[in-house]
Amino acid sequence: AKMKGRNQYCFYRQEMHQEVAEKLALEKALHGAINKNEFILVYQPQVNTHGQLIGFETLLRWFNDELGQVPPSRFIPVAEEAGLIDEVGYWVLDNACRQLKIWQEEGLPSLFESIAINISPYQFAKDDFVDTIKKVIEKHQIDPSLLDLEITEGMLVEKISSVTEKMWQLKELNIRFSIDDFGTGYSSLRYIQHFPLTQLKIDQSFVRDLSGDSSNSSIINTIVSMASHMALSVLAEGVENLEEKVLLDQAGCSRYQGYYFSKPLEESMASQCLHENVRF
Ligand code: C2E
Ligand code: CA
Ligand code: CA
Ligand code: CA
């Protein structure tokens, strides 16, 4: 038993070591990623109940020679810990706004509402965050009401007064705010009414619970009805099949994003869908 314990301990230590080494390798490679043009943005369609395009969520992709394609779920936390998220986040903002300007000039279809951009809490916490947003809007001459900043529940729960203040300053420019992964954090619907929000994004874990044996729509019903009282729109994420879409319709949801409609698209494909006013 003693031997086994020690082996397990060694194994555990080895695993920890591997994890640390991997993070260091990621961090090292991330330092050069922007200059080496290793990032691209992809755009996942957001649609209404008829499958018409209402917006795109901007998602970051990283291709590195040695590491291959690294998913954002792995490198974003490393960028945050290493203090690189500002630079990466600015690259995303700058490039998403440059693309938005192109689409804006080409005359977006009338139903199109916004481009969503994920904002890390670390970015938002920076003193100059509001200025940065204002400058990037100015630089690309975009309509601020076409910008939808996705933030996390955690940022609101921590109740930092500067967060509220920054949100109101941005709200004055007509910028939209969506709460990402809604329902997975600890914020109550009563609590979030103090923030200038536009939309709640229902986390895909709740969408998964809708169909199948252990069907459970009560959380979604609650979110949808409370949101409508607060005049917020609700978008369901991670919709993968028609059954889920129909059940979400029944729950009163009318905005969707997920593989059932479309995977995230590269810029040329996203542009084509916009121009042809594709129905998903
Ligand atoms: P998220 O913001 O919740 O983004 C949604 C994720 O779900 C994306 O993964 C998307 O590709 C995936 N997805 C979309 N539809 C479906 C579906 O039907 N089924 C399933 N299973 N998944 C679906 P992705 O692109 O790998 O991004 C993962 C996370 O990384 C994002 O979660 C977000 O938190 C973060 N992230 C991505 N891009 C950025 C960025 O530019 N900045 C920051 N700060 N975070 C980002
Ligand atoms: Ca998101
Ligand atoms: Ca999400
Ligand atoms: Ca299911």
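Index from 1, following the sequence. Both counts, for ligands and for their atoms, begin at 1 and track the order of listing.
Note that atom 7 (O) of ligand 1 has protein non-hydrogen atoms nearby, at separations under 4.0 angstrom. Atom 32 (O) of ligand 1 is not flagged as protein-proximal [any protein heavy atom, distance under 4.0 Å]. For atom 20 (C) of ligand 1, the nearest protein heavy atom lies closer than 4.0 Å.
In this structure, atom 10 (C) of ligand 1 lies nearest to the protein heavy atom Leu59 CD1, 3.8 Å. What sits closest to atom 26 (O) of ligand 1 on the protein, heavy atoms only, is Pro72 CG, 3.5 Å. Looking at atom 3 (O) of ligand 1, its nearest protein heavy atom turns out to be Asp181 OD1, 3.3 Å. The protein atom (non-hydrogen) at minimum distance from atom 38 (N) of ligand 1 is Leu60 N, 3.2 Å. At the top of the distance list for atom 1 (P) of ligand 1, counting protein heavy atoms only, stands Asp180 OD2, 4.0 Å. At the shortest separation from atom 18 (O) of ligand 1 among protein heavy atoms lies Tyr259 N, 2.8 Å.
Residues Ile220 and Phe206 approach most closely at CD1-O, 3.7 Å, considering heavy atoms. Pairing each heavy atom of Gln104 with each of Gln141, the nearest pair is NE2-O, 3.4 Å. For the residue pair Cys97 and Leu147, the shortest heavy atom distance occurs at SG-CD2, 4.1 Å. Residue Arg74 comes nearest to Val78 through the heavy atom pair O-CG2, 3.4 Å, listed as atom of the first residue, atom of the second, then distance.
Every heavy atom of Pro71 sits 4.0 Å or more from the atoms of ligand 1.
With a 4.0 Å cut-off on non-hydrogen atoms, Arg61 touches ligand 1 through its side chain and not its backbone. Residue contacts with ligand 1, taken as heavy atom pairs separated by less than 4.0 Å, involve Val239 solely via the backbone atoms N, CA, C and O. By the criterion of a heavy-atom distance under 4.0 Å, the side chain of Val92, and not its backbone, is placed next to ligand 1. Residue Asn118 touches ligand 1 through backbone and side chain together, judged by heavy-atom distances below 4.0 Å.
In summary, the atoms of ligand 1 found under 4.0 Å from a heavy atom of Gln44, numbered by their order in the structure, are 14 (C), 15 (N). Applying the 4.0 Å criterion to heavy atoms of Ser120 picks out, from ligand 1, the atoms 44 (N). Atoms of ligand 1 found under 4.0 Å from any heavy atom of Glu57 (numbered from 1 in listed order, with element): 2 (O), 4 (O). Annotation for ligand 1: atoms under 4.0 Å from non-hydrogen atoms of Glu237 are 3 (O), 5 (C).
Side chains of Phe56 and Gln46 form no contact here, defined as non-hydrogen atoms less than 4.5 Å apart. Leu265 has its side chain within reach of Cys273: a pair of non-hydrogen atoms, C-beta onward, lies under 4.5 Å apart. The shortest side-chain heavy-atom distance between Thr198 and Asp148 does not fall under the 4.5 Å cut-off. Lys23 is not listed as a side-chain neighbour of Glu27, based on a closest heavy-atom distance of 4.5 Å or more.
When distances to the Ca ion (ligand 3) are checked against a cut-off of 3.0 Å, Glu150 contributes no N, O or S atom below that limit. Put simply, Ser178 stays out of reach of the Ca ion (ligand 2), with no N, O or S atom under 3.0 Å from it. Residue side and main chain included, Glu237 places an N/O/S atom under 3.0 Å of the Ca ion (ligand 3).
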For a side-chain contact (heavy atoms from CB on, under 4.5 Å) check, start with the C-alpha distance between Ile119 and Phe129, then their side-chain angles and the critical distance, and finish with the verdict. CA-CA 10 Å; Ile119 303 292; Phe129 182 68; 3.8 Å; yes
With side-chain contact (heavy atoms from CB on, under 4.5 Å) as the test, would you mind laying out the steps for Leu235 and Gln257 before giving the verdict? CA-CA 7 Å; Leu235 184 145; Gln257 185 181 336; 3.7 Å; yes
Determine, step by step, whether Ile54 and Arg255 satisfy the side-chain contact (heavy atoms from CB on, under 4.5 Å) criterion, reporting the C-alpha distance in whole Å, the side-chain angles of both residues, the deciding distance to 0.1 Å, and the verdict. CA-CA 8 Å; Ile54 53 174; Arg255 303 160 71 87; 3.6 Å; yes
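Between Pro264 and ligand 1, no N or O atom pair is found at a separation short of 3.5 Å. For a threshold of 3.5 Å applied to N or O pairs, the pair formed by Glu240 and ligand 1 contains at least one separation below that value.
Within Asp180, the N/O/S atom positioned nearest the Ca ion (ligand 3) carries the name OD1. Among heteroatoms of the N, O or S kind in Glu57, OE2 lies nearest the Ca ion (ligand 2). When you scan the N, O or S atoms of Asp181 for the one nearest the Ca ion (ligand 3), you land on OD1.
Partner of Tyr90 under the side chain to side chain contact (heavy atoms under 4.5 Å, CB included) criterion, out of Ile85, Thr132, Asn95: Thr132 alone.
Using a 30° and 60° split on the angle between ring planes, Tyr43 and Trp103 fall in the perpendicular class, above 60°. In this structure, Phe75 and Trp62 have perpendicular ring planes: the angle between them is above 60°, well past the 30° mark.
Two rings, from Phe195 and Trp168, have their centers 6.0 Å or more apart.
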